[in-house]
Amino acid sequence: MATVHKINEDLVKERQKCTFNVQELTYLLDGGEEVTKERREFENILRNVKELQDEVPEVYLSHKERYENAVRKTCILQNVRNDFEKKREVLSPRNIFRAGYAVIKDVSPFFLHNGMFVPTIIGQGTPEQQAEWLPKAKAMAIIGTYAQTELGHGTFIRGLETTATYDAKTEEFILNSPKVTSYKWWPGGLGTTVNHCITVAQLYINGKKYGIHPFIVQIRDLETHKPLPGIKVGEIGPKMGFATANNGFLGFQNFRIPRKNMLMKNAQVLKDGTFVKGMNEKLTYGTMVMVRVNIVSDSAFHTAMAATIAVRYAAVRHQSQLKAKEPEVQIIDYLTQQHKLFIAIATSHAFSNTYTWLYQAYLKVVEDLGKQKQDHLPELHALSCCLKATSSRDAGVIVEQCRLACGGHGYMASSNLPIIYGYTTAAITYEGEHTVLLLQTARYLMKAWMSALEGKVLAPSVAYLVDWLKSDKQRWQNTPEVIVKGFQHVAAGKIKDAFDAIQKHVKAGKDYEDAWNLASVQLIKASEAHSRAILCDGYLRETVRTSSSVSPSLAKVLNHLVQLYIVYWTLETAGDLLVYSNIGKDDIAVLKEKYEELLALIRPNAVGLVDAFDISDEILQSTLGSYDGRVYERLMEEAMKSPLNKEPVNQSFHKYLKPFIKKAKL
Ligand SMILES: CCCCCCCC/C=C\CCCCC/C=C/C(=O)SCCNC(=O)CCNC(=O)[C@H](O)C(C)(C)COP(=O)(O)OP(=O)(O)OC[C@H]1O[C@@H](n2cnc3c(N)ncnc32)[C@H](O)[C@@H]1OP(=O)(O)O
Ligand SMILES: Cc1cc2nc3c(=O)[nH]c(=O)nc-3n(C[C@H](O)[C@H](O)[C@H](O)COP(=O)(O)OP(=O)(O)OC[C@H]3O[C@@H](n4cnc5c(N)ncnc54)[C@H](O)[C@@H]3O)c2cc1C
């Protein structure tokens, strides 16, 4: 039986101070009591699967052993999941996503299968194609990934070089990778795990190019797992993080696939080679839109993980004295520490709330597309780009801030903060590089500004541009609602400035494209300001909406958090607000005090707030952040697992050190 340890006394006291019902907040964050119960039940089952316990911490395994262990455990996880789903409802995707962290210490080599392979079949396949591939894919009789990026191109996907040439005689496509830069590079699981992939390739029919399209390709034999003739595939090697994601490369040499393997929900190639255009060629990019929306939710979770570790640690850790002769204080009582950590909690809430409405907007667009309506697609694309970019970037900064807030121990692998940083920072690049996505949103914002000038009605997320043009700037008040308007004024001002800068360059004789490039620093700043306005506005609106349906004590805490988020960003961007809104120096001085008051109000609830994220110790995998707060004991226990501590004298002493020292003595 597992030993039950006493909970650290500081944490006990912190939990007694909490002014709201932690369980109530957990249910709210999960989306309902039933979801929490399902999640806990599944996590509990996993906790008791002996084969999932690592004998040796993964960090001490070789690259190969680590991968093999990850495959072994992912297969067990999948079997446990299948058994669970046989008896009950299908697990919610967020619950299975969270549970994955308890099993795989880093990123699963099967991650792209559920993350992009299956969704692409659903989003891009015809009903017949779905009937053929989905049952096999869902049962994992075939395992796949999403192979789009190449050595030479990741961002500019119209420039991809893999070719799919249609041969009407045999009704097949012939896949080729003409140059080294045409090799697929990066897809998760491609290295040595998957047997299928969605390959994005340039379609050629009778020598004419028809742009990029998705194809289902079997790349390995289902029995032997050997690459099929004409396929060159392998793993790309170690990276900054994603140690077990098994990212791979892939090249094709005259590799033939049947015509039916082109996913044809949008565009089609008929038997005779006739190309039938889809409603909108950008629908081929649909899986990326879905994943970008999901990254907002992932960013919320990664931020919550880091906040949980750093807040619990800050409650347990005592260092230095505030006053002479008094005991050393809990580091959480330093205001600077609260400044580093409470924004982490609020940021996670901001992203969760944003995801809630963004996901609904995504579902609406998918429903509309089913009815051949695409009016809201450009707005969704613009929102998903800037919110993916901002949420992943903020999450990266917050996770690093939490690591720094843990001092030296935050640098230990056993704190788990380095691994969390590894996968958080990867999201800034994958699924559309940060700057590139901000520029996609800027493109939309420039059009919106032009429409506003022409007096047209704008989509809801940019309607503030019309208000800004029409009205005088509102008299400043330090209320959340007026501050949000202030953020909109900053965004509108920066959008106008960027627009004017482009016009200026065009008037000076530049091509529009060169003018765009010359104004692009201003464009990304406009896009960032738009994101911040959207985040603050959405977070405030969602909090007001939920506050009426929760207990008054919880509503009060949620209100403190949203205010903290808004005031924090006001102070961070005070310079912009002074330029573009009616805020005055005195208002800023008042807000500085307000910020300190909010830190004090949140202080007694800090541990309760991170407890409410309800992230189990198995998922957190952190010596610093466990529920019981046995920080020092766990650090020592983990250190003792080092293979270097398994023998009193390491052989290198006899082989190298001893002769070296002897020589030095002579
Ligand atoms: C235990 C587990 C632990 C796990 C921890 C990790 C958690 C992670 C969770 C989930 C992640 C899963 C996946 C991870 C792995 C990563 C996978 C990948 O990275 S897959 C590859 C992704 N690649 C990209 O995103 C490429 C980026 N590039 C592009 O999208 C495009 O090339 C472009 C930059 C958008 C430009 O495209 P293009 O040149 O064709 O277009 P433009 O000329 O710029 O614009 C033309 C018009 O088209 C509109 N447009 C563009 N894109 C879209 C779209 N998607 N939808 C709708 N409309 C679009 C654009 O707005 C232009 O419109 P107009 O202005 O002309 O009206
Ligand atoms: C961990 C990880 C997992 C991944 N998994 C997958 C996967 O499963 N499947 C898959 O297909 N791909 C995957 N990728 C690839 C990923 O999608 C690309 O790396 C990403 O889209 C960025 O493209 P790039 O590498 O070509 O960057 P580049 O575009 O070369 O970026 C380099 C620099 O150039 C700048 N730049 C490029 N274009 C412009 C522009 N138009 N304007 C201004 N600046 C520009 C960028 O801002 C950046 O600073 C993964 C990547 C990572 C890191």
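Ligands are counted one by one from 1 in listed order, and the atoms in each one are counted from 1 as well.
Against a heavy-atom cut-off of under 4.0 Å, Val291 is close to the following atoms of ligand 1: 11 (C), 12 (C). Shown in contact with Asp298 at under 4.0 Å from a heavy atom are these atoms of ligand 1, numbered in order with element: 7 (C), 8 (C), 9 (C), 10 (C). Residue-ligand proximity, Met116 to ligand 1, at heavy-atom distances under 4.0 Å covers atoms 17 (C), 20 (S). Residue contact check: Gln148 has heavy atoms under 4.0 Å from atoms 21 (C), 22 (C), 23 (N), 24 (C), 26 (C) of ligand 1. Numbered from 1 in the order shown, with element, the atoms of ligand 1 that lie under 4.0 Å from a heavy atom of Ile157 read 29 (C), 31 (C), 32 (O).
Polar contact with ligand 1: present for Lys447 (N/O pair, distance under 3.5 Å). Taking distance alone, with nitrogen or oxygen atoms compared against 3.5 Å, Tyr285 approaches ligand 1 more closely than that limit. Remark: ligand 1 and Arg443 share an N or O pair separated by less than 3.5 Å (distance only, no angle test). At least one N/O-N/O distance between Gly432 and ligand 1 falls below 3.5 Å. Annotation: Arg158 places an N or O atom under 3.5 Å from an N or O atom of ligand 1; distance criterion only. Inclusion of Tyr146 in the set of residues having an N or O under 3.5 Å from an N or O of ligand 1 is not warranted.
Within the structure, ligand 1 lacks Ile104 among the residues with a heavy atom less than 4.0 angstrom away. Under a 4.0 angstrom heavy-atom cut-off, Gly115 registers as lying outside contact with ligand 1. Heavy-atom separations between Gly154 and ligand 1 include at least one value shorter than 4.0 Å. Heavy-atom distances between Thr287 and ligand 1 stay at or above 4.0 Å for every pair. Close to ligand 1: Thr155, with a non-hydrogen atom less than 4.0 angstrom away.
Using a 4.0 Å cut-off between heavy atoms, Phe111 contacts ligand 1 through its side chain alone, with no backbone atom that close. Only backbone heavy atoms of Asp106 (N, CA, C or O) come within less than 4.0 Å of ligand 1; its side chain stays farther off. Contacts of Arg292 with ligand 1, taken as heavy-atom pairs under 4.0 Å, involve the side chain alone.
Nearest protein heavy-atom neighbour of atom 44 (O) of ligand 1: Gln440 NE2, 2.9 Å. From the protein, the heavy atom lying nearest to atom 8 (C) of ligand 1 is Tyr430 OH, 2.7 Å. The shortest contact between atom 34 (C) of ligand 1 and any protein heavy atom is with Val436 CG1, 3.6 Å.
Using a cut-off of 4.0 Å between Lys/Arg side-chain N and Asp/Glu carboxylate O, Arg532 and Asp394 are scored as salt-bridged. Of the charged side-chain nitrogens involved, at least one lies within less than 4.0 Å of a carboxylate oxygen, so that Arg403 and Glu400 count as a salt-bridged pair. Under 4.0 Å is where a charged nitrogen must lie from a carboxylate oxygen, and between Lys525 and Asp497 no such pair does. One finds no salt bridge joining Lys277 and Glu281 here, because no Lys/Arg side-chain nitrogen approaches an Asp/Glu carboxylate oxygen to under 4.0 Å. A salt bridge does not link Arg72 with Glu68: none of the charged nitrogens is closer than 4.0 Å to a carboxylate oxygen. Comment: Lys504 does not engage Asp500 in a salt bridge, judged by the lack of any side-chain N to carboxylate O separation of less than 4.0 angstrom. Look at Glu161 and Lys179 and you find a salt bridge, because one of the NZ, NE, NH1 or NH2 atoms lies within 4.0 Å of a carboxylate O, short of that distance.
The residue among Glu433, Lys388, Glu431, Glu281 with a heavy atom at the shortest distance from atom 13 (C) of ligand 1 is Glu431. Counting only non-hydrogen atoms, the option in Met446, His381, Lys282 that gets closest to atom 46 (C) of ligand 1 is Lys282.
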Residues Glu235, His63; criterion side chain to side chain donor-acceptor pair (under 3.5 Å); working and verdict = CA-CA 11 Å; Glu235 198 235 355; His63 182 61; 3.0 Å; yes
task = Assess whether ring-ring contact (aromatic ring centres under 6.0 Å, His included) is satisfied between His213 and Phe173, documenting all intermediate values.
result = CA-CA 12 Å; His213 295 276; Phe173 294 103; 9.2 Å; no
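Between Tyr359 and Tyr362, the angle of the ring planes stays under 30°, which puts this pair in the parallel group of the 30/60° scheme.
Screening Leu358, Thr356, Asn353 for a side chain to side chain contact (heavy atoms under 4.5 Å, CB included) with Val296, the sole residue that qualifies is Leu358. None of Thr244, Thr193, Asp106 except one satisfies the side chain to side chain donor-acceptor pair (under 3.5 Å) rule with Tyr67; the exception is Thr193.
Taking the six-membered ring wherever Trp is involved, the centroid distance between the rings of His530 and Tyr444 does not fall below 6.0 Å. Taking the centre of each ring, His302 and Tyr423 come in below the 6.0 Å mark.
Remark: Arg393 pairs with no residue by the side-chain hydrogen bond (donor to acceptor under 3.5 Å, both in side chains) rule, at least two apart or across chains.
Proximity of a side-chain donor or acceptor of Ser415 to a complementary backbone N or O of Gly410 within less than 3.5 Å is detected.
Closer than 4.0 angstrom to ligand 2 by heavy atom are Leu112, Tyr146, Gln148, Thr149, Gly154, Thr155, Trp186, Pro187, Gly188, Phe242, Asn247, Ala426, Thr429, Tyr430, Glu431, Gly432, Glu433, Thr435, Val436, Leu439, sorted by chain and number.
When only modelled atom types and interatomic distance are considered, Asn44 and Arg47 share a side-chain donor-acceptor pair under 3.5 Å.
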